[in-house]
**Q** 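Structure provided below as structure tokens; questions to follow.
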Amino acid sequence: MTRRTEWPDGPGRPERPDRPDSGAPSSSRAEQGSPLGPEEQARAICLRLLTGTPRTRKQLADALRTRGIPDDAAREVLSRFEDVGLIDDAAFAGAWVESRHHSRGLARSALARELRTKGVDSALIDDAVGQLDADQEERTAQELVERKLRATRGLDREKRIRRLAGMLARRGYSEGLALRVVRRALEEEGEDPELLEHHLPDL
């Protein structure tokens, strides 16, 4: 005697009216399987790149070009992102200046150079680096020298001066400012001003 299988919905295997025909894909599956258009691809790429990391319009445009997105689709999506505030080069430049000056002690010229490599407009760069005045820049240079001073003790005078001034130069400080700050720091440490005069004329 054959035993009939009992299914949760009753005897036999009933047809479920809400189950789609297995032979015909649902419209949602068809949509999921359809390829994304260039603008949809560009939007997805930009959102992924912007997650947790602000970027300039040029950085995103370069990324889209690398991934083969047509220029017209890229321009459309980037302009839309600017309109809603997801791309803001002015805010990016301002935050970059504040962060890099305080964390690395970079001077205005170095900050401007970095922003240019990221494609920020010159007018926006001028506004951003204008946050730092000459007095703030000199105070930061002095702090950098004071932190480095101890590590140079034991070196001869000329080598100390080269090392300290070179450290400031690599961060974008002008030669005149660097030498002035180094001379002041060495004098405060106890170096003889007359001996320093041979290496560092009064600036």
Side-chain angles (χ1 to χ4, degrees), residues 46 48-63 65-66 81-82 85-203:
C46 288
R48 186 168 63 251
L49 291 174
L50 287 168
T51 301
T53 306
R55 297 177 191 267
T56 66
R57 177 170 177 140
K58 181 180 184 301
Q59 287 178 305
L60 293 171
D62 290 345
R65 191 174 299 112
T66 299
F81 273 45
E82 281 185 325
L86 290 174
I87 300 174
D88 188 338
D89 282 3
F92 177 96
W96 185 269
V97 166
E98 183 176 0
S99 171
R100 298 284 283 174
H101 180 72
H102 290 296
S103 66
R104 295 288 309 282
L106 298 185
R108 287 174 290 184
S109 64
L111 292 164
R113 187 165 55 248
E114 288 187 340
L115 288 171
R116 278 194 296 272
T117 66
K118 296 181 181 301
V120 178
D121 181 77
S122 295
L124 297 180
I125 292 175
D126 290 343
D127 288 342
V129 299
Q131 297 175 29
L132 300 174
D133 59 24
D135 290 341
Q136 175 62 52
E137 198 172 53
E138 185 159 340
R139 283 195 299 272
T140 302
Q142 186 172 341
E143 291 168 3
L144 290 169
V145 168
E146 288 171 355
R147 290 204 295 266
K148 186 77 171 176
L149 205 58
R150 180 173 300 188
T152 65
R153 287 175 186 158
L155 300 176
D156 66 67
R157 186 177 297 108
E158 186 173 354
K159 188 172 288 187
R160 290 188 84 189
I161 291 169
R162 277 204 313 269
R163 187 162 295 184
L164 293 168
M167 177 269 294
L168 292 179
R170 288 191 296 275
R171 286 168 169 78
Y173 292 91
S174 68
E175 181 182 20
L177 185 149
L179 294 177
R180 183 169 67 250
V181 168
V182 169
R183 174 173 179 153
R184 185 189 308 139
L186 292 175
E187 285 180 354
E188 290 175 354
E189 191 187 49
E191 286 273 11
D192 188 335
E194 292 185 5
L195 294 176
L196 286 174
E197 182 68 28
H198 176 70
H199 302 283
L200 292 166
D202 195 14
L203 297 166

**Q** Please give me the minimum heavy-atom distance between Leu124 and Ala93, naming the atom from each residue.
**A** O-CB, 4.3 Å
**Q** What distance do Cys46 atom SG and Leu86 atom CG have between them, rounded to the nearest 0.5 Å?
**A** 9.5 Å
**Q** What is the minimum heavy-atom distance between Lys159 and Leu155, and which atoms define it?
**A** CD-CD2, 4.0 Å
**Q** Check for a donor-acceptor pair, side chain of Arg163 on one end and backbone N or O of Thr152 on the other, with a separation under 3.5 Å.
**A** no
**Q** Should we count CZ of Arg150 as having more than 12 external heavy atoms under 6.0 Å?
**A** no
**Q** Within the side chain of Arg171, is there an N or O that forms a donor-acceptor pair under 3.5 Å with the backbone of Arg104?
**A** yes
**Q** Rounded to the nearest 0.5 Å, what separates atom CZ in Phe92 from atom CD in Gln59?
**A** 5.0 Å
**Q** Looking at side-chain heavy atoms only, is the closest gap between Leu50 and Leu60 below 4.5 Å?
**A** yes
**Q** Can you tell me if Arg160 uses its side chain to pair, donor with acceptor, with the backbone of Leu149 under 3.5 Å?
**A** yes
**Q** Closer than 3.5 angstrom, by distance alone: can the side chain of Gln131 be matched with the main-chain N or O of Glu98 as a donor-acceptor pair?
**A** no
**Q** Considering non-hydrogen atoms only, spot the tightest contact between Leu168 and Ala178 and give its length.
**A** CD1-CA, 3.7 Å
**Q** Side chains of Met167 and Val145: closer than 4.5 Å at any heavy-atom pair?
**A** yes
**Q** Is it true that Arg184 and Glu138 have a side-chain N and a carboxylate O under 4.0 angstrom from each other?
**A** yes
**Q** Would you say Arg139 and Gln142 are linked by a side-chain donor-acceptor pair, where the criterion is simply a distance under 3.5 Å?
**A** no
**Q** Could you check whether any side-chain N or O of Asp89 sits under 3.5 Å from a backbone N or O of Arg57, counting only pairs where one atom can act as donor and the other as acceptor?
**A** yes
**Q** What is the distance from atom CG of Asp135 to atom OG1 of Thr140, rounded to the nearest 0.5 Å?
**A** 10.5 Å
**Q** To the nearest 0.5 Å, what is the distance between CG (Leu115) and CG (Asp121)?
**A** 11.0 Å
**Q** What heavy-atom pair brings Gly172 and Ser109 nearest, and what distance separates the two atoms?
**A** O-OG, 2.6 Å
**Q** Is a donor on one side and an acceptor on the other found under 3.5 Å between the side chain of Ser99 and the backbone of Ala95?
**A** no
**Q** Can you tell if the side chain of Glu137 reaches within under 4.5 Å of the side chain of Leu132, non-hydrogen atoms only?
**A** no
**Q** Check Val181, Leu144, Leu106 against Tyr173 for a side chain to side chain contact (heavy atoms under 4.5 Å, CB included) and give me the one that passes.
**A** Leu144
**Q** Within the structure provided, determine whether Asp62 and Lys58 are in side-chain contact (heavy-atom separation under 4.5 Å).
**A** yes
**Q** Quick check: closest heavy atoms across Ala165 and Val182, and the distance to 0.1 Å?
**A** N-CG2, 3.9 Å
**Q** Any salt bridge linking Glu114 with Lys118? Criterion: basic side-chain nitrogen under 4.0 Å from a carboxylate oxygen.
**A** no
